[in-house]
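One structure is given here, and the rest of the page talks about it.
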Amino acid sequence: MRSNREPERRHRVVIVGGGMAGTRLAQQLTAAPPAGAGPLRVTLIGEEPHPAYNRVLLAEVLAGRYAPEVIALPAPAPAVHRLGGVRAVRLDRDTARVLCDDGRSLGYDTLVLATGSNPVLPPLRGLFAPGGRELPDGVHAFRTMDDCLALGAAAGPGVRAVVIGGGLLGVSAARALAERGAQVVLAHQGEHLMERQLDPGASRLLRDHVTALGVEVHTECRVRGLRTRERARGGRAVSAVELADGYALEAELVVLACGVRPRVGLARAAGLEVARGVVVDDALRTSDPRIHAIGDCAEHGGVVYGLAQAAQEQADAVGAVLGDRGRSGPGHREAEAPRDAAATAYQGTPYQVAPYQGTRTLTRLTLASARPLDLASFGETTPAPGDDVVHLADATRNAYRKVVVRGDRLVGGILLGDLGTVGALARTWEGDEPLPATPLLHLLTNDGGSCS
């Protein structure tokens, strides 16, 4: 028998951003829809033409350890309509549409911004020609697969390379270029490498390790500008990096690893609340409750995480919210109502899922080589007055371990070398659990060490 009922209209979810956060959300929404959830139509807009990939492993591709396809993420279900190589250029909140650079106009009932972040381009003299915005040949950011492939094509034995920035990304890039045989100089303005994650003691060991790989490291080193030469076929090519003291480092290749900045241009132009990132609540909703934001572009509780772990947890949280919305949220007729009415209805939705309460982030990095070095950093690594600090050091094994304890809680730690104990420490910290009655030393090491 034919039913006279009209087919149920699918709730339109448009995700702007085809990176790790956006792809994770698309997977969550289509892999196993929650029981009772209404039907969804998911569109994923990705500016990069490549399939989504694990950005954390780009340095391994640059080093030649992995082929690009090895770090590809699992593709969303075929039901996801993926637009690759397409850029969203404007949000029209009044009509609930996303306008794209190829002329498409996509309507949405729920919009999710997963626009990520842009590399910071430092204000260096000579970086841009007067009135221009093109980087000189040989100068690259290190953020995308295209950046990685361009660097890999330019790097090789004997190529003189300068990496500007000694954070996590800069250290990873310097190590990868050195593995390709380049003559690498790492120039860092701060007092020690990876100062956001490591204390001076751990950073000294990291510096020794990177130096042993053939990287020349300069800290407290401010770069003033770039020297370029005109190319016969037109355009400019980098020839040197000029330091504040006037010294010049000859360079055929320059990597800008000076941090990232959330991509908030779409959100700001659409009138959404933006601080450092797009401001979201515990359901990852922006100031327009039909629009969510996740990943590097989102700011929750005053924090922009900029880490893969947080992006994945936020994608999962929005996936749960939208699944719950399919059971109890407003129908599509409310979503198509004028913006203010829809916002009022949406804000009243009685969500049943647990709110997102932030991410307890653990940074891990493996510097693979003949003598690999693993490092991990989590929580508050600088002790407050009254905190207890436990150090273990083993110079012969290039190992360094430090934890910060507040009362009966582990609040942070730094580990270099063998990370066999990091799992137990991370679980204790992430669960905010009281420390066990056994001495903390047993959590720190299974093989002893010298205590300082």
**Message:** Please check this pair: side chain of Gln27 against backbone of Pro74, looking for a donor-acceptor N/O pair closer than 3.5 Å.
**Reply:** yes
**Request:** Evaluate side chain to side chain contact (heavy atoms under 4.5 Å, CB included) for Leu322 paired with Leu29, printing each intermediate quantity in order.
**Result:** CA-CA 8 Å; Leu322 293 179; Leu29 293 177; 4.0 Å; yes
**Request:** May I ask you to test the Thr286-Val279 pair for a side-chain heavy-atom distance under 4.5 Å?
**Result:** no
**Prompt:** Arg222 versus Leu243: any side-chain heavy-atom pair under 4.5 Å?
**Reply:** no
**Asked** Please walk me through it: do Arg12 and Asp109 pass salt bridge (charged side-chain N to carboxylate O under 4.0 Å, His left out)?
**Response** CA-CA 5 Å; Arg12 300 167 300 172; Asp109 299 308; 3.1 Å; yes
**Request:** May I ask you to check whether His391 and Tyr400 place their ring centres under 6.0 Å from each other?
**Result:** yes
**Asked** Any Lys/Arg nitrogen of Arg55 or Asp296 sitting under 4.0 Å from an Asp/Glu carboxylate oxygen of the other?
**Response** no
**Request:** Verify whether one side chain among Glu313 and Thr359 offers a donor that lies under 3.5 Å from an acceptor in the other.
**Result:** yes
**Message:** Side chains of Arg82 and Thr23 only: does a donor on one sit below 3.5 Å from an acceptor on the other?
**Reply:** no
**Asked** Between Glu273 and Arg268, does a salt bridge (charged side-chain N to carboxylate O under 4.0 Å, His left out) hold up when you go through it step by step?
**Response** CA-CA 7 Å; Glu273 182 182 356; Arg268 181 178 282 120; over 6 Å; no
**Request:** Assess whether salt bridge (charged side-chain N to carboxylate O under 4.0 Å, His left out) is satisfied between Asp147 and Arg143, documenting all intermediate values.
**Result:** CA-CA 6 Å; Asp147 295 334; Arg143 183 65 181 163; over 6 Å; no
**Request:** Kindly indicate, with the supporting measurements, whether the criterion salt bridge (charged side-chain N to carboxylate O under 4.0 Å, His left out) is fulfilled by Glu242 and Arg224.
**Result:** CA-CA 6 Å; Glu242 186 176 322; Arg224 181 166 62 186; 2.5 Å; yes
**Message:** Quick one: does any side-chain atom of Lys402 pair with a main-chain N or O of Thr381 as donor and acceptor, under 3.5 Å?
**Reply:** yes
**Asked** Arg276 and Arg261: side chain to side chain contact (heavy atoms under 4.5 Å, CB included), yes or no, with the steps?
**Response** CA-CA 8 Å; Arg276 183 167 169 239; Arg261 183 177 292 117; over 6 Å; no
**Request:** Return yes if a side-chain donor-acceptor contact under 3.5 Å exists between Gln357 and Asp282, otherwise no.
**Result:** no
**Complete:** Rounding to 0.5 Å, atoms OG (Ser377) and CZ (Arg364) come to a distance of 12.0 Å
**Message:** Test of understanding: with side chain to side chain donor-acceptor pair (under 3.5 Å), list the residues that count as partners of Asp245, not counting sequence neighbours.
**Reply:** none
**Item:** Basic-acidic side-chain contact under 4.0 Å: Asp137, Arg231
**Value:** yes
**pair Val210-Arg175: side-chain heavy atoms closer than 4.5 Å** = no
**Asked** How long is the gap from NE2 on His81 to CG on Leu106, to the nearest 0.5 Å?
**Response** 8.0 Å
**Request:** Hey, could you give me the CD1/CD1 distance between Ile15 and Ile45, rounded to the nearest 0.5 Å?
**Result:** 9.5 Å
**Complete:** Sorted by chain and number, sequence neighbours left out, side chain to side chain donor-acceptor pair (under 3.5 Å) with Asp101 holds for none
**Item:** Reported CD-to-OG1 distance for the pair Glu60 and Thr366, which is rounded to 0.5 angstrom
**Value:** 8.0 Å
**Donor-acceptor contact below 3.5 Å, side chain Ser203 vs main chain Leu193** = yes
**Request:** Give the intermediate values and the outcome of side chain to side chain contact (heavy atoms under 4.5 Å, CB included) for residues Arg409 and Asp432.
**Result:** CA-CA 7 Å; Arg409 295 296 198 274; Asp432 196 23; 3.4 Å; yes
**Asked** For residues Glu69 and Tyr53, is any side-chain donor paired with an opposing acceptor at under 3.5 Å?
**Response** no
**Prompt:** CZ/Phe142 to CG/Leu177 distance, rounded to the nearest 0.5 angstrom?
**Reply:** 8.0 Å
**Request:** Could you tell me whether Arg360 sits above the aromatic face of Phe378, with NZ or CZ closer than 6.0 angstrom to the six-membered ring centre and within 45 degrees of the axis?
**Result:** no
**Prompt:** Between the side chains of Arg229 and Ser239, is a donor N or O closer than 3.5 angstrom to an acceptor N or O?
**Reply:** no
**Message:** I want to check something: taking the side chain as every heavy atom from C-beta on, are Val278 and Pro262 in contact at a cut-off of under 4.5 Å?
**Reply:** no
**Request:** Go through the side-chain N and O atoms of Tyr356 and Gln314 and say whether any donor and acceptor fall under 3.5 Å apart.
**Result:** yes
**Prompt:** Counting N and O atoms only, with roles assigned by atom type, does the side chain of Asp92 sit under 3.5 Å from a partner on the main chain of Ala96, one being a donor and the other an acceptor?
**Reply:** no
**Request:** Could you tell me whether the side chain of Leu113 reaches within less than 4.5 Å of the side chain of Leu272, counting heavy atoms only?
**Result:** yes
**Request:** State, with a plain yes or no, whether a side-chain heavy atom of Val70 is found less than 4.5 Å away from one of Arg65.
**Result:** no
**Prompt:** For residues Thr211 and Asp208, is any side-chain donor paired with an opposing acceptor at under 3.5 Å?
**Reply:** no
**Complete:** When rounded to the nearest 0.5 Å, the distance separating CE of Met194 from CG of Leu168 is 4.5 Å
**Prompt:** Can you find a side-chain donor-acceptor pair between His192 and Asp199 that sits under 3.5 Å?
**Reply:** no
**Asked** Do Leu83 and Leu44 come close enough that some side-chain heavy atom pair is under 4.5 Å?
**Response** no
**Message:** For His292 and Thr110, which I'm curious about, is there any donor-acceptor pair between the side chains at under 3.5 Å?
**Reply:** no
**Asked** Would you call Val404 and Glu380 a side-chain contact if the rule is heavy atoms closer than 4.5 Å?
**Response** no
